[in-house]
Number of protein chains: 2
Amino acid sequence: MTDLQQPGFSQCNNATLRRTARRLGRFYDEALAPSGLKGTQFGLLFQISVGSEPAMGAIAEALIMDLSALGHTLKPLVRDGYVETFPDKDDRRVKRVRLTPSGQAKLDEAIKLWSVAQRQFEAMVGAERAAKLRATLDEVAALNLELPAAASSG
Amino acid sequence: MTDLQQPGFSQCNNATLRRTARRLGRFYDEALAPSGLKGTQFGLLFQISVGSEPAMGAIAEALIMDLSALGHTLKPLVRDGYVETFPDKDDRRVKRVRLTPSGQAKLDEAIKLWSVAQRQFEAMVGAERAAKLRATLDEVAALNLELPAAASSG
DNA sequence: CGCCGAAAGTGGCACATGCCACTAATTGAA
DNA sequence: TTCAATTAGTGGCATGTGCCACTTTCGGCG
């Protein structure tokens, strides 16, 4: 047996997922490189663009991302002028986010690059299977996962 | 066609994958928390344990991880005494890695915690489906993804 | 043997993420 | 109205990941 990462190097669902995410992330990043955006930034810009000046909390929830992590991730995009924030009219705690014209243009540019990677991926995997995989992943992401209450002492 | 976000908030395979990875990562991290290890560290320790004093390059390849990223990820584990490195006997460029007794003990401890999360996940998704999902993810990770050579100038 | 190019790691830099402690603004109740 | 609890974000800290520029070794050639 030639060791190495046998079929399914690990039974761990989490490890397998992360491993594939690294692989795919590099591929999409490579495709997006000419735009200067990373895959994560592209996804974030896209999410903002489809929302109606979403609040940070709403974005974080949609992306299943920690709110503070979102704040950090947003910084480079604000710095580069792709995104701007402003306080909600009725609740000053709420910070809303929108694309700047420059950000919209950058997103349009990135979408073209993204499409190449997306098509390539679907050509390899099959659009049908890719859709099914995304559906499964969305389903998993929506699970109400909870650790069994550790029966303390009982 | 109005759809767009919600159901499958994005058509992007990469974004969907990362999103689910964040979700699952938090779940496994929560389960592993008592051990002080993160899901990534657990996966790394495990990978090292199943290898024969693997070289860094071999680990990076198995995990589809950038070699320098692996180096960074390894640091906390070395610092905490779970892992140690040593030069290969025949090739001084190669750095090999192994668990320390403390690291093996920590891994054993973590495996118990991991099992809880793993079982819980499989109970929700179904062991069969989970296995199929991992197989699909492994398959995707193994794809020889390449951007179509941008036909520059005619 | 001496040189060149490939291979394996390292370090620095930037961004991705999460948790925790803290601040500010709101809401609900006495 | 006033104060406790809640909600939305921020900042700091630690780790995860990748890319790039280097440095050290190896291996192959002339």
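Just so you know, these numbers use all the heavy atoms, side chains as well, and skip hydrogens, waters and symmetry mates. Just so you know, these numbers come straight off a predicted model, no measurement behind them. Per chain, numbering begins at 1; letters A, B, ... match sequence-line order.
Under the 4.5 Å side-chain heavy-atom criterion for grouping Ile, Leu, Val, Met, Phe, Trp and Tyr, A:L67 is not connected to A:F86 through any hydrophobic cluster. B:L32 is connected to B:M124 through a chain of hydrophobic side-chain contacts under 4.5 Å among Ile, Leu, Val, Met, Phe, Trp and Tyr, so both are in one cluster. Taking hydrophobic clusters as Ile, Leu, Val, Met, Phe, Trp and Tyr residues chained together by side-chain heavy-atom distances below 4.5 Å, A:I64 does not share a cluster with B:L24. Cluster annotation: B:L143 is connected to B:M65 through the hydrophobic network of ILVMFWY side chains, with a link wherever side-chain heavy atoms come within less than 4.5 Å.
Screening residues 46-68 of chain A for salt bridge (charged side-chain N to carboxylate O under 4.0 Å, His left out) gives A:E53-A:R98 as the qualifying pairs, with residues at least two apart or on separate chains.
Just one residue in the list A:F121, A:F42, A:F27 forms a ring-ring contact (aromatic ring centres under 6.0 Å, His included) with A:W114, and that residue is A:F42. Partner of A:E122 under the side-chain contact (heavy atoms from CB on, under 4.5 Å) criterion, out of A:R119, A:Q120, A:Q118: A:Q118 alone.
When the P atom of C:dT26 is taken as reference, atom NZ of A:K89 falls 14 Å away, rounded to whole Å. In this structure, CG of B:D29 is placed 13 Å from P of C:dT17, rounded to the nearest angstrom. B:F27 has its CZ atom 17 Å from the C1' atom of C:dG18, to the nearest Å. Atom CG in A:D66 sits about 6 Å away from atom P in C:dG18, given to the nearest Å. One atom, CG of B:D90, and another, C1' of C:dA8, lie 15 Å apart when rounded to the nearest Å. Following rounding to the nearest Å, A:L77 (CG) and C:dC15 (P) show an atom-to-atom distance of 9 Å. The separation between B:H72 atom NE2 and C:dA14 atom P is 14 Å, rounded to whole Å. In this structure, A:K75 places its NZ atom 12 Å from P of C:dC15, rounding to the nearest Å.
Across the interface with DNA chain C, nearest-nucleotide mapping of A:D91 and A:M65 shows A:M65 to be the residue nearer the 5′ end. The residue among B:R93 and A:R93 whose nearest nucleotide of DNA chain D is located toward the 5' end is A:R93.
Checking the phosphate oxygens (OP1, OP2) of C:dA24, no side-chain nitrogen or oxygen of A:R92 falls inside 4.0 Å.
Among the nucleotides C:dG18, C:dC19, C:dT10, the one closest to any side-chain atom of A:S68 is C:dC19.
Within residues 94-112 of chain B, the residues having any heavy atom closer than 4.0 Å to DNA chain C are, in order of number, B:V94, B:K95.
Residue contacts shown for A:R23 are absent, as no nucleic acid heavy atom lies under 4.0 Å away.
At distances below 3.5 Å, not a single donor-acceptor pair connects side-chain atoms of B:T16 with backbone N or O atoms of A:R134. Between the side chain of B:T100 and the main chain of B:Y82, a donor-acceptor pair closer than 3.5 Å is present.
When DNA chain D is scanned in the 5' to 3' direction for atoms under 4.0 Å from non-hydrogen atoms of chain B, the outermost contacting nucleotides are D:dT15 to D:dC26.
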